[in-house]
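Below is one structure, written out as structure tokens; the observations come after it.
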Amino acid sequence: MTLTTARLSQDFLETRYIDDLFKQNLEELIAYGISAGASFVEIFIENIDSLGLLAEQDTVTSVNPSIGKGVGIRVFLGQRDGFVSTNDLSEQGLKFALDQALGMLGLETNSQTKKSFEGLNELNNFGKSKTRFLTECPTLRESTSKILEATDHLRKNGPHLSVRRGSYSKTIQEVIVASSDGTFCRDLRLYQSIGLNVLALDKEHRSSIGRRIGTEGRPSTLTDWDSEKAAIEINASAERMLYAKYVEAGQMPVVLANKFGGVIFHEACGHLLETTQIERGTSPFEKKLNQKIANSAVTAVDEGVTEGAFGSIEMDDEGMETQKTTLIENGILKRFLSDRAGELRTGHKRTGSGRRQSYAFAAASRMRNTYIEKGEYTPEQLIESIDDGIYCKSMGGGSVGATGQFNFSVEEGYIIKNGRLTEPVKGATLIGEAVDVMPRISMCANDLDLAAGYCGSISGNINVTVGQPHIKVDSITIGGR
Amino acid sequence: MSSNINLINKNNLRDRLSLLSSELNVSKWDLGASIAKDVSVQIDKGQPKQLKASQKSSITIRVWSNNQIGITSTSDLSEVGLRKALSSALQASHFGNKEETPDFSICSKEELPKIDNPFRKQFGVKKLLSSLIEAEGKLLTADKSIKSVPYNGFAESMFERVYINSDGALRHIEGTQASLYLYARAEESGRKPRSSGSIKIGYGAEDININDCINEAASRTLSHLYYKPIKTGKYLVCFKPEAILDLLTAFSNIYNARSVIDGISLSTKNSIGKKISSEILSMNDNGLHQANYGACAFDGEGTPTQNISIIEAGILKNFIHSEATARYFKTRPTGHGSIGSKASVSSDWPVIFRTNGQSAKCPKLDYKETTEEFVLVENLHALHAGIKASQGSFSLPFDGWLVTNQEKTSIESATIAGDIMDLLNNIIQVESKQVFAHQGVAPHIWVEELAITGDK
């Protein structure tokens, strides 16, 4: 084997380094694992170049470049798997990692050859036309200027702001997947994210609001961003919430706004449709395929195809081309999200959903762009249908527990009285269980929109998109004071 | 005790950086590096599910140029990787913050505290796996209602950390750590599944009392099996040590100098010496505590770790500092800084205790004996979503019980909400017995009145 340090230490990001010799090196490594008796061997190579910058008030306070590369090696023996990650890219280091993965499954390389490996397919290079990402993104100087411009717009438009923060992050990730079923794929991904955070103060009153946008594959994201509009919007929210009262706890109907309102579906239902949950036996939907699990008003999808969306991927981290997966159609459960291990262990076919934060994680079934499809009503009709309830205009984060209980915080909320929005309220947390809440989504508006976010789970933190139109939930528990 | 097999050759790393920095005309630099070898196993019904191992290295290099600082992180410790990182840091220094440039810590060459971190022999995958399979089996037979152990893991690691600067500081520490977690799921016909568990940490797998972990996971899970919804209202609340530690750590901006300077703290620059809680409460931050298995003798800037008083009889005594924040406040760094172009500050190991000589408002409250009705909070969830640290408010789902005449009834699904400053001032009892938890040390703490939202 001649997979040397020098070779893997090249700055990939340019296909000229992925030649026949490179392919041969990977084939030798895979053949080594297969000959030891593994039923499947996968090598995931990652090369990453990222930048994070932070501006506070009118000063750039932090510029953090980060570079790195590493390899994750996964070996299956039937349904069991061993995974080893390393950034020791020497021949010795990679061999040691593979031996370690094989050893975990009780396989030894000095055993008789049990299987043969027929070689990798031709490289399927999803990243071929994306080398432009390396040159088309704004320079560091342009990036810092744009973020400072944003914090200046915050200053001009926020009469009570004591803290103004703007942040920008850019990650270029090259991934190569080579596995014993012949898969040999490469992709080049560009993720950018822009965030604004403010803290407004007036005597004892405080409000903190954050907003974030994120894209994949759009080098002009920062250049095109309307920082003044974003500053005006976040300041307006901070001002409204500054004097808001704490919400009173109770059970009531709610209208959840579009965009990041979709976090309710992501947390309440989406995670429970991942085969990682099926494997554990922690999904209440495990045996509900083709059964009604939600109100007929609900059709929900997870996909990796929306151009520019933060959760979009051309191929997943197991080398499978992405797809649009209908999860729920008119309330009927149609499909689970599955990765390679999920297919092996649960029988649900892969959906191009094998994702991971980096080479240090084995891929798992994870969401991409997940949203409820639009319905027939206007957002106003949803609000008009409620006498006493809450309008959740902006959501914070959330999570789902081991028994399917979910929760998420409301960042900006308003009381609905007799079909009209009244005063703002803060401190609300929506809690419940997916099986109870999904049938209560009774109305979907016609204004589907998406929002970028990060999702943390078994295979690390990944970029996702959540989304929905405005939706009405007939009754939900609101935690407050 | 030492491994005698260093993963990082610190002298070599220092010499390589010295050489490379001279080539690039960089005269002032420092670096923080870490290397870890980890092994972990997870199982499902007696079968290995996922076995993982990793060899990870990372290095953060800072350079100073024209009194501005630049930084780069990399996982590539090869010659090519270090050169690239150093060049990138130099480039980033042109955008350094002229108004606040970190410097070397004045304590970076002072003597380090002695930490007795025993270096444990590693179990290896096979032994971790067989131990975990045995543990799962025992937990599954602890009670017929326990149907699975969906979240489980046994892990061990060896790690080394280094801090080096061009002024001659050279810090190095190595250690081992192991952890075991078991989360069981119990189900009974016609009732919702319930889940709870236990986490144990030690220097090595041999230090972990597996039976304790099994028994704790079983008893906690079973204690939630018979549940009822709770009526929404205000309740007398007792926080178990893990819960109060999670809550106070989430609001550590109160004593974090970085947050104070940035204006996102609930304290101000003049808060030292002010009363922030009930007199019965005291708290230190002690990264050197014997129960802190991950203790490191120095922070990211090479400053020695120390035991520092944060709250003394309800009075805010000290902020925790990095080099830059200490300089701003004209004091000494406290060993809480990271290595960064803007060094962040974070707490090490909170130790909460009852103030000597102070009597509580309700000194007879005892979570095992009190006959008054109260809510016993075991764990808080979703802290990332339900805490507004800069506003001081929280609204969090929790696991716990309604305790009436010493009878515990698990609460089906509920949130607890309030304001952290009100909570601190409404502490009416701090029990005397301290419990070593995996994130710090604390006793049971009682709060007069907090809002609970239930399904009733």
Side-chain angles (χ1 to χ4, degrees), chain A residues 5 9 54 56 59-70 80-88 93 97 100-101 103-105 140 144 162-163 199 206-208 249-251 279-282 360 362 396-399 401-403 405 407-409 426-429 431 477-481, chain B residues 44 47-57 70-76 78 80-81 84-85 88-89 92 95-97 99-100 125 148 150-151 183 185 192-195 232 262-264 340-342 381-382 384-386 388 390-393 395-397 413-415 417-418 451 453 455:
Chain A
T5 306
S9 287
L54 174 70
E56 293 173 274
T59 307
V60 173
T61 55
S62 180
V63 174
N64 287 317
S66 171
I67 45 185
K69 47 172 60 91
R80 294 157 54 201
D81 75 292
F83 176 78
V84 178
S85 64
T86 182
N87 44 28
D88 178 356
Q100 210 177 358
M104 288 172 173
L105 301 173
L140 184 52
T144 54
S162 70
V163 174
L199 175 65
R206 284 179 171 232
S207 73
S208 56
Q251 290 261 353
E279 288 173 43
R280 283 199 189 105
T282 50
S399 69
T403 55
Q405 284 179 334
N407 63 84
F408 51 101
S409 63
K426 60 183 175 185
T429 303
I431 56 173
T477 302
I478 297 196
R481 295 192 191 178
Chain B
D44 182 23
Q47 292 297 318
K49 187 179 168 195
Q50 187 162 79
L51 314 173
K52 285 177 76 173
S54 68
Q55 293 90 38
K56 282 182 289 196
S57 57
I71 187 168
T72 292
S73 305
T74 180
S75 61
D76 186 355
S78 70
V80 176
K84 194 173 170 184
S88 173
F95 297 88
N97 180 7
E99 292 167 24
E100 189 195 300
V125 170
S148 63
Y151 295 91
Y183 275 74
R185 182 178 158 109
K192 290 179 181 176
R194 306 290 281 170
S195 180
T232 298
D262 291 348
I264 53 170
S341 54
K342 178 185 178 180
H381 299 298
H384 68 285
K388 284 275 191 182
S390 57
Q391 291 184 25
S393 64
S395 178
L396 300 164
S413 169
T415 61
T453 305
D455 275 344

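Throughout, protein chains are lettered first and strands after them, A, B, ... in sequence-line order, and every chain is numbered starting at 1.
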With side chains defined as the heavy atoms from C-beta onward, is the minimum distance between Arg80(A) and Gln50(B) less than 4.5 Å?
-> no
Is the backbone of Ser57(B) close enough, under 3.5 Å, to the side chain of Asn87(A) for a donor and an acceptor to pair up by distance?
-> yes
Is Thr429(A) reaching over with its side chain to a backbone N or O of Ser395(B), donor-acceptor style, under 3.5 angstrom?
-> yes
Any residue meeting side chain to side chain contact (heavy atoms under 4.5 Å, CB included) with Ser62(A), in chain and number order, not counting sequence neighbours = Leu54(A), Asn64(A), Ser341(B), Lys342(B)
Sub-3.5 Å donor-acceptor pair from the side chain of Arg481(A) to the main-chain atoms of Ala451(B), do we have one?
-> no
Most contacts with chain A, counted as non-hydrogen pairs under 4.5 angstrom, among Ser148(B), Ala417(B), Pro397(B), Ala92(B) | Pro397(B)
Can you tell which of Ala249(A), Gly68(A), Pro65(A) has the highest number of heavy-atom pairs within less than 4.5 Å of chain B?
-> Pro65(A)
Note: Lys52(B) and Ala360(A) closest approach over all heavy atoms is NZ-O, 4.0 Å
Closest non-hydrogen atom pair between Thr282(A) and Pro150(B), with its separation = CG2-CB, 3.6 Å
Between the CZ atom in Arg185(B) and the CZ atom in Arg280(A), the distance rounded to the nearest 0.5 Å is 11.0 Å
Dump the intermediate steps for side chain to side chain donor-acceptor pair (under 3.5 Å) on Ser73(B) and Ser66(A), then the final yes or no.
-> CA-CA 5 Å; Ser73(B) 305; Ser66(A) 171; 5.0 Å; no
Sub-4.5 Å side-chain heavy-atom contact between Leu51(B) and Phe83(A) = no
Given side chains that start at C-beta, do those of Ser393(B) and Lys426(A) come closer than 4.5 Å, heavy atoms only?
-> no
Please check if the side chain of Thr74(B) supplies one atom and the backbone of Ile67(A) the other of a donor-acceptor pair under 3.5 Å.
-> yes
Please identify each residue that fulfils side-chain hydrogen bond (donor to acceptor under 3.5 Å, both in side chains) with Ser409(A), with sequence neighbours left out.
-> none
In terms of heavy-atom proximity below 4.5 Å to chain A, should Ala89(B) be classed as side chain, backbone, both, or neither?
-> neither
Counting only heavy atoms closer than 4.5 Å, note whether Ile431(A) contacts chain B via side chain, backbone, both or neither.
-> side chain
Minimal non-hydrogen separation, Ile264(B) against Leu199(A), with atom names | CA-CD2, 4.3 Å
Side-chain donor/acceptor of Arg206(A) to backbone N/O of Ser390(B), under 3.5 Å | yes
With no hydrogens and no angle check, do the side chains of Gln55(B) and Asp88(A) hold a donor and an acceptor under 3.5 Å apart?
-> no
Could you state the interatomic distance from CD (Glu100(B)) to CD (Glu56(A)), rounded to the nearest 0.5 Å?
-> 8.5 Å
Does the Lys388(B) side chain pair with the main chain of Ser208(A), one donor and one acceptor, at a distance under 3.5 Å?
-> yes
If you tally heavy-atom pairs under 4.5 Å between each of Thr86(A), Thr477(A), Asp81(A) and chain B, the highest tally belongs to Asp81(A)
Under 4.5 Å heavy-atom distance to chain B, tell me which part of Val60(A) shows up: side chain, backbone, both or neither.
-> both
Quick one: do the Asn97(B) and Thr61(A) side chains pair a donor with an acceptor below 3.5 Å?
-> no
